[in-house]
Number of protein chains: 4
Amino acid sequence: MSFRNSEVETGANARSGRPRDQVREAEILACVLELLGESGYDGLTFEAVARRARASKATLYRRWDTKRDMVVAAVKAGPASGGGPPAIDTGSLRTDLLALCERLDTTMRTADPTMSLLLLQAGLEDPELCRHIEEATGPTGAKLPARVLAAAIDRGELPAGAQPFPFEEITGSVLLLRRLNGLSTGPEYLAYLVDNILIPALRASVSTTPPTQAIFS
Amino acid sequence: MSFRNSEVETGANARSGRPRDQVREAEILACVLELLGESGYDGLTFEAVARRARASKATLYRRWDTKRDMVVAAVKAGPASGGGPPAIDTGSLRTDLLALCERLDTTMRTADPTMSLLLLQAGLEDPELCRHIEEATGPTGAKLPARVLAAAIDRGELPAGAQPFPFEEITGSVLLLRRLNGLSTGPEYLAYLVDNILIPALRASVSTTPPTQAIFS
Amino acid sequence: MSFRNSEVETGANARSGRPRDQVREAEILACVLELLGESGYDGLTFEAVARRARASKATLYRRWDTKRDMVVAAVKAGPASGGGPPAIDTGSLRTDLLALCERLDTTMRTADPTMSLLLLQAGLEDPELCRHIEEATGPTGAKLPARVLAAAIDRGELPAGAQPFPFEEITGSVLLLRRLNGLSTGPEYLAYLVDNILIPALRASVSTTPPTQAIFS
Amino acid sequence: MSFRNSEVETGANARSGRPRDQVREAEILACVLELLGESGYDGLTFEAVARRARASKATLYRRWDTKRDMVVAAVKAGPASGGGPPAIDTGSLRTDLLALCERLDTTMRTADPTMSLLLLQAGLEDPELCRHIEEATGPTGAKLPARVLAAAIDRGELPAGAQPFPFEEITGSVLLLRRLNGLSTGPEYLAYLVDNILIPALRASVSTTPPTQAIFS
DNA sequence: TGCTAAGCGAGACGGTACGTCCCGTCTTTTA
DNA sequence: TAAAAGACGGGACGTACCGTCTCGCTTAGCA
């Protein structure tokens, strides 16, 4: 039985023997990211990673049980975007929302769809990863910044107490599925989404508390 | 160059040589469905299908270039649900929508998630397949039946001219992604979805025409 | 049960139905020869012949049971060398034999080794084929022409009653095997063969009658 | 690039990584020999060897590039006949030669013809293999034992300085080709071969030195 | 300082699936 | 019937990964 990453991290008892080489690990994960870019998630193999990183397969399996784990670790370890997220403030709720949607759409168009899904899945279980994605790729637009919400309330466009949940719940999933389905997400679509779905839902969001958990980072 | 299924079907010119055995094809597709149930989409292999169907791999590749094609064909050829779809009419828009959401949720819980996605993707490009899924699995709940909409308008719950688009656009994608993410889709969630998102969006749907195409079958 | 070539040829009773197309057959065999040249015997396939000749595989199998049969037929049907065989008469037995050996060696160098063997095998069972090879490829040098033998006897180089058998028995097999083994068959080797093996054996061949059958065409 | 057997054997530099399992290799080659006996050379497949040996095909291809290589290795690794070769000494050159011919003929009758050829080819390039065949199958009779030659010279049946080359050059190839051609190699044939070909050639072999290399182990 | 457990690279190993090719038989249409 | 076309079950091909397992070597940390 070997010890995987999480156990190592949390491992209270010090293990004897030679410790894992953290530098090596970083190099490997860099290769993972490279290969992800070249072959996509499905095309990625342990074998190829080992080859590229001049690492033994054992070295990989010692760290990560599954491809998924490895990829998630790679994204997590990916280069943080030094810069802060360029804030959005266009002067009206409608245009703010449109800007956010476009930003998210761009983010998704960049990554391969399987990756989007993967990160969506993995991200929700791992807040650490969420934060990292935001930092790495810039703000995804999947979250409704508190600032935008507050400004809309100030302007009277939304009632006091409006919640970000409907935006976050709807936007990520709807855009992702349109991508997967090869449907357009052009300006007229986004306008419809904002005007007829998002804004009404946000207006209605004051009455109740959202059930559980937001979606997408 | 060989001729794949679709070309054969649409092929106006009669092809020479021995024709494909449609009976055999049906048997094979039945095996595909069996194996899908047993191993899921990712676990399905050409090899296993050939084994189970006592068919040559060439016989499979002759018909379908990819696993995706084969699976889609299998679903398409699946057993049609002789019975009509049990209509929904609970007496109020809110409970009608809740019933539809539960129905769709159940449908998704049944299939494996990859399959849901797959069919989602394939289905949108292939109306024939859409129809078939509806017939095969019963109404998916992904569509908002005209009857439900009309009844709501009659009762005054929705303005005249309300469109089904927002429902169809949101419900499928949101529920699917929650499933993929392992998030709950319990009653309190569905209630929030209906009350704070769907109904406001439907009320607002009268003003403009929806952009392009509905989602999910 | 279908009727293969030999039966058809010898078939006394006229068969009903459409007769085989002899022209088609010739075209097919031409393709066989082409492909033989391109891919060698082992690389030759029924499939490829059918493709090249735009013939059905059934058409091939109807005529020939095995690849061997087909190839033999092709060689048999190959282009006859209009010209007669350039006779050999160098003035001495020794040089006559050397010339014959070189001629045979050249013949073998031309064809691929498997073919040589094949024809060697097939040829011995089929005198018709033997004759054809001689006519097609020119004299192979495998036979000791009566003329050469007689001249040698006239000159007193061989005793009266000398037999061609030892030459024919030895030369073909020895040269073929050296080829197969990639051993040289250069001038010094041929000289040794003629001087120390063939001539002594021919001199001794007067006493007894050779046992059975000559070798190579 | 991987390293095939010969390179490994001769490899001066120590190779890293897990070494090939020599025990496993022996087991595999034993299976090869079994299957050779059951199906013959042409009938032998990598697939069947893998099955029988419960080995991965990769394990086979790692070692041998071609069927030929594998079979040669198998023969080479075959069970050595601990016992020495039963010497031949019948009291006269003529009967000694006849005995040798019969022995070789028997050897060839045992193996399948393709094998004989194969080993003939491979053997000549690989003296190690030659020796092994002799040890494995007993003396093949392809070589003219020095002892027999010396005895004949002692008895005055051959001139001093007679060479074994003509015997070794002729006998193997002539007998092999008769086998391939399905021609008889009965006593009367062998008698003719010995009396009219081999003995005259051996008598003449004193004058010159044979050119290159003997044939058949 | 020397022991020892683990890390590490390399790559062997049994499996399994891939997608292609050919075998020899069969079924269809057209002549 | 033959012939062209090509479907069909079968099976081998050679390649690629999977996840596990030796190897020989290196390296840290405890004794």
Side-chain angles (χ1 to χ4, degrees), chain A residues 2-3 14-21 24-25 44-51 53-63 65-67, chain B residues 2-3 14-21 24-25 28 43-51 53-63 65-67, chain C residues 2-3 15-21 24-25 28 43-48 50-51 53-63 65-67, chain D residues 2-3 14-21 24-25 28 43-51 53-63 65-67:
Chain A
S2 58
F3 290 78
R15 307 241 104 254
S16 76
R18 178 177 171 183
R20 303 253 174 89
D21 186 339
R24 202 72 195 78
E25 187 154 324
L44 184 77
T45 65
F46 272 76
E47 211 94 22
V49 172
R51 227 144 39 213
R54 306 199 123 282
S56 162
K57 280 199 289 176
T59 301
L60 305 185
Y61 280 107
R62 210 175 283 126
R63 290 173 157 77
D65 275 326
T66 66
K67 180 158 79 170
Chain B
S2 58
F3 290 76
R15 315 257 345 97
S16 79
R18 176 176 171 181
R20 303 260 170 85
D21 187 337
R24 201 70 194 77
E25 186 154 325
I28 292 170
L44 186 76
T45 65
F46 272 76
E47 208 93 23
V49 172
R51 226 143 42 212
R54 304 200 122 279
S56 164
K57 278 198 287 178
T59 301
L60 305 184
Y61 281 108
R62 211 174 283 127
R63 291 174 156 75
D65 276 327
T66 66
K67 181 156 80 168
Chain C
S2 59
F3 290 79
R15 307 245 103 252
S16 75
R18 177 174 168 183
R20 301 247 177 92
D21 185 338
R24 202 73 194 77
E25 187 154 325
I28 292 169
L44 185 76
T45 65
F46 272 77
E47 211 94 20
R51 227 148 33 216
R54 308 200 120 282
S56 159
K57 280 198 289 176
T59 303
L60 306 183
Y61 280 108
R62 210 173 285 126
R63 290 174 157 77
D65 276 328
T66 66
K67 179 158 79 170
Chain D
S2 59
F3 289 77
R15 314 261 341 100
S16 79
R18 178 174 171 182
R20 303 259 170 84
D21 186 338
R24 202 70 195 78
E25 186 154 326
I28 292 169
L44 185 77
T45 64
F46 272 76
E47 208 93 22
V49 172
R51 224 143 41 211
R54 303 201 121 280
S56 161
K57 278 199 287 178
T59 301
L60 305 184
Y61 281 108
R62 212 174 280 129
R63 291 175 157 76
D65 275 328
T66 66
K67 180 156 80 168

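Labels below follow one simple rule: chain letters A, B, ... track the order of the sequence lines, proteins then strands, and each chain is numbered from 1.
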> If every non-hydrogen atom of D:Leu60 is compared with every non-hydrogen atom of D:Phe46, which pair is closest and at what distance?
Replying inline: CD1-O, 3.4 Å
>> Tell me whether the side-chain N/O atoms of D:Arg62 come closer than 4.0 Å to OP1 or OP2 in E:dC13.
In response: yes
>> Given the structure, check if the side chain of C:Lys57 and the base of F:dG6 hold any donor-acceptor pair shorter than 3.5 Å.
In response: no
> Just how far, in rounded Å, is C1' of F:dC13 from CZ of D:Arg51?
Replying inline: 13 Å
>> Using whole Å, what does the distance between atom P of nucleotide E:dC18 and atom NZ of B:Lys67 come to?
In response: 7 Å
> Whole Å only: how far is the CG atom of B:Leu60 from the P atom of F:dC8?
Replying inline: 10 Å
> Using a cut-off of 4.0 Å on non-hydrogen atoms, how would the nucleic acid contact of C:Ala58 be classed: base, sugar-phosphate, or nothing?
Replying inline: base
> In whole Å, what is the span from the OH atom of B:Tyr61 to the C1' atom of E:dC22?
Replying inline: 17 Å
>> Using 0.5 Å steps for rounding, measure from the OG1 atom of C:Thr59 to the CZ atom of C:Arg54.
In response: 13.0 Å
>> Can you give me the closest heavy-atom contact between A:Arg62 and A:Arg20, atom names plus distance?
In response: O-NH2, 3.5 Å
> If each of A:Ser56 and C:Ser56 is mapped to the nucleotide of DNA chain F with the nearest heavy atom, which maps nearer the 5' terminus, i.e. the 5' end?
Replying inline: C:Ser56
>> Both B:Gly17 and A:Pro19 contact DNA chain F. Taking the nearest nucleotide for each, which residue is further toward the 5' end?
In response: B:Gly17
> Taking the side chain of D:Glu47 as its heavy atoms from C-beta onward, which of F:dA12, E:dT20, F:dA4 lies nearest to it?
Replying inline: F:dA12
> Which residue lies toward the 5' end of DNA chain E, D:Ala55 or A:Asp21, if each is placed at its nearest nucleotide?
Replying inline: A:Asp21
> Of the candidate nucleotides F:dA5, F:dA3, E:dC13, which contains the atom at the shortest distance from the side chain of C:Arg24?
Replying inline: F:dA3
> Is the shortest side-chain N/O distance from A:Arg63 to OP1 or OP2 of E:dG7 below 4.0 Å?
Replying inline: no
> If you check every side-chain atom of D:Ser16, which of E:dG7, F:dA4, E:dA10 has the closest atom?
Replying inline: E:dA10
> Closer than 4.0 Å, any side-chain N/O of B:Arg54 to the OP1 or OP2 of F:dG9?
Replying inline: no
> Between D:Arg20 (CZ) and E:dC13 (P), how many Å, whole number?
Replying inline: 7 Å
> Taking only residues two or more places apart in sequence or in another chain, which ones pass side-chain hydrogen bond (donor to acceptor under 3.5 Å, both in side chains) with B:Arg18?
Replying inline: none
> Which nucleotide sits closest to the side chain of C:Thr59: E:dT25, F:dA3, E:dC13?
Replying inline: F:dA3
>> I'd like to know if A:Arg18 reaches the base of E:dA6 with its side chain, counting only an N/O donor and acceptor under 3.5 Å.
In response: no
> Which nucleotide, F:dC8, E:dC18, E:dG24, lies nearest any side-chain atom of B:Phe46?
Replying inline: E:dC18
> A:Ala50 and A:Ser56: which non-hydrogen atoms are nearest, and at how many Å?
Replying inline: CB-C, 4.4 Å
